[in-house]
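To keep things clear, I will list the structure first and then write my remarks on it.
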Amino acid sequence: MINRKILLYITTGLISFFIQAQAVEKPNVLFIAIDDLNDWVSGFGGHPQIKTPNIDKLHAMGGMMMSKAQAPATVCNPSRSAILTGRYPHHTGVYRNDINLKNAPKAKDLITLPEYFSKYGYHTISMGKIFHKHQVPDSKELEEGQWAFEEWHHHLGGVGPISSERPVNGLPNLPNENLNSYHSWAFDWGPTKGNDEKKMLDYKTVKWAADQLLTRDFKGKPFFMAIGISKPHLSWYVPQKYFDMYPLDEIKIPETKENDLTDILNKWGEQAYSPGTSWERAEKHGRHKEAVQAYLATITFVDDCIGVLMDGLNSSKYADNTIIMLWGDHGWHLGEKQKYGKTQLWNEATRVPLIVKVPGLTTSKKKCDGVVNLIDMYPTLIDLCGLPPNPANDGRSFAKLLGNPDMIWDDPTITTDRYKAHRIYDGRYSYINVEGDGVEELYDHLRDPMEHNNLILNPAYRKIKEKLKAYLPEINEPEGPKN
Ligand SMILES: [Ca+2]
Ligand SMILES: [Ca+2]
């Protein structure tokens, strides 16, 4: 009897100790945002020649590849604002790059992801682009989410030494091109001088982050560290050695279909979209292979940066109790649909790489085909860390899916391009609706992963179209004020 009492006491004590230990030892979070990284990451299948050995290593060490992840929006600010506030653009009115969430009536009072972690006892720290940058009116200051972190650090360097000649790639503009447009000057690539990646901004960022992990105790609290990598955003200037990894004569350019755009009509019966200016420049001067080479090279540079960060984490005391969430903020076209760049609602711009490592939960070299949206990261992270749910979150936690990656997880998800321009995707079909222009598209990814054949007028798919159309938002918040 006495023995049983002692046993009960010891057991109760152990349970209580375990609960207390759990309460104290919350997992840390390493949140890695990569600007304009599409699915050209080894394992995601976006390009057969890509070399991302460090991301492969993360995958082998338990980083789950979420193969059907979608962005909430297809350009930086609305995507990041949705991810960080946990609310979709159609709920906040933050649809474009020039709408600062802090001035948008339906977004400005939301508790952002890092603030939420801060509120529940985490030390939050950041370097690199996490929030989008906005010019502060009547000032030279930039507002880039400094307010959201306990420690916010400005990045440490420029883009690396490059030739002063512009464009470096020598690609001429078109005769009637608007030379003030962003792509007219930013659609450029070439080697940096000196072949030294250590002089690059992103290298300095990850080196700094690795040093923090190796030397800090973050005030004895668990940490939420957000690291922003600025490449492979334009322009594609990286050391020559990365270009050399992809010999030009061996480059495969993405599969495209001639006249791909002719089956997408607006409500006036006209072809809704024309080839993009950057694509026309590359087409006219035969530079598609070079552009693809440059994007591949830039991604492999980014992968090297990920390696530096992972080496830092793996050598630190936080190696076994840190959740990693690595994501690209939206996709990017490299010739598909006769386009270079982001925006619009095709798969090339909506699909993103998302890799999640949760110690003790995710397993080595596993892929998950569940349909998730980057807006789900907020509720998932607070769920994994045992923080209370945030009722303002639009997304849903996929923590359960991480533990059981083969379960059915196919609720349709939404991506927005602008006011009343949405895409609904369920893992098999994508349905696009741009209300103002009366554009509708439907694609069957099982038969047509490149979205070449618009099925919207095919009566055999009418029920599928109606099913997905029912997921369009009923209420669309008007656009928030500019900056
Ligand atoms: Ca971006
Ligand atoms: Ca087509």
Side-chain angles (χ1 to χ4, degrees), residues 32-41 69-84 89 94-99 128-134 144-145 182-183 186-187 202 226-236 254-266 270-276 279 295 298-299 302 326-354 374 415-417 429-432 439-445 447-458 461:
I32 308 166
I34 307 181
D35 208 357
D36 290 20
L37 178 65
N38 69 7
D39 60 3
W40 290 17
V41 171
Q70 302 279 303
T74 54
V75 66
C76 309
N77 181 56
S79 177
R80 287 164 184 257
S81 297
I83 289 164
L84 293 159
V94 181
Y95 295 103
R96 302 187 323 192
N97 274 350
D98 58 1
I99 300 172
K129 180 176 166 183
I130 300 298
F131 287 81
H132 193 73
K133 288 178 191 168
H134 300 274
E144 41 193 319
Y182 174 70
H183 265 237
F187 186 59
D202 289 324
I227 299 300
I229 310 268
S230 70
K231 298 285 180 202
H233 193 288
L234 287 173
S235 299
W236 300 319
E255 182 192 338
T256 55
K257 182 186 175 188
E258 205 177 340
N259 302 320
D260 193 0
L261 298 169
T262 57
D263 59 354
I264 309 169
L265 305 179
N266 60 25
E270 301 156 343
Q271 185 176 316
Y273 306 111
S274 316
W279 182 85
Y295 190 67
T298 308
I299 291 171
V302 167
L326 178 151
W327 49 281
D329 61 350
H330 48 71
W332 226 85
H333 286 250
L334 283 109
E336 304 93 343
K337 294 270 184 297
Q338 295 169 306
K339 171 184 169 79
Y340 282 91
K342 43 205 172 189
T343 72
Q344 294 181 287
L345 292 164
W346 295 306
N347 193 53
E348 305 310 322
T350 65
R351 186 182 185 218
V352 285
L354 170 62
L374 295 182
T415 302
T416 297
D417 179 44
Y429 299 101
S430 53
Y431 168 71
I432 295 170
V439 176
E440 279 187 299
E441 296 162 65
L442 181 72
Y443 299 100
D444 179 352
H445 285 244
R447 299 194 168 89
D448 178 25
M450 298 304 290
E451 298 185 329
H452 287 152
N453 305 311
N454 183 8
L455 300 167
I456 201 71
L457 298 175
N458 185 330
Y461 290 86

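Both ligands and their constituent atoms are indexed starting at 1 by order of listing. Since the model is a prediction, treat every value here as computed from it, not as a measurement.
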### Query
Taking both backbone and side chain into account, is any N, O or S atom of D260 nearer than 3.0 Å to the Ca ion (ligand 2)?
yes
### Message
Please give the atom name: the N, O or S atom of D36 nearest to the Ca ion (ligand 1).
### Response
OD1
### Query
So which N/O/S atom does D263 have closest to the Ca ion (ligand 2)?
OD1
### Message
Looking at K231 and D202, is there a salt bridge between them, counting it only when a charged N and a carboxylate O are closer than 4.0 Å?
### Response
no
### Task
Would you mind naming the N, O or S atom of D329 nearest to the Ca ion (ligand 1)?
OD2
### Message
Once rounded to the nearest 0.5 Å, what's the spacing between atom CD1 of I456 and atom CD of E441?
### Response
8.0 Å
### Query
With under 30° as parallel and over 60° as perpendicular, where do the rings of H134 and H132 fit, or are they tilted in between?
perpendicular
### Task
Would you name the N/O/S atom of H452 that lies closest to the Ca ion (ligand 2)?
O
## Note on the structure
Looking only at heavy atoms, the pair that brings I99 and V94 closest together is O-CG1, 3.6 Å
### Query
Has H233 got an N/O/S atom less than 3.0 Å from the Ca ion (ligand 1)?
no
### Task
Could you tell me the angle subtended at the Ca ion (ligand 1) by OD1 of D35 and NE2 of H330, rounded to 10°?
160°
### Task
Decide side-chain contact (heavy atoms from CB on, under 4.5 Å) for D329 and D36; before the verdict, give the C-alpha distance in whole Å, the side-chain angles of both, and the deciding distance to 0.1 Å.
CA-CA 6 Å; D329 61 350; D36 290 20; 3.7 Å; yes
### Task
May I ask you to decide if the ring planes of W332 and Y295 are parallel, tilted or perpendicular, using 30° and 60° as cut-offs?
parallel
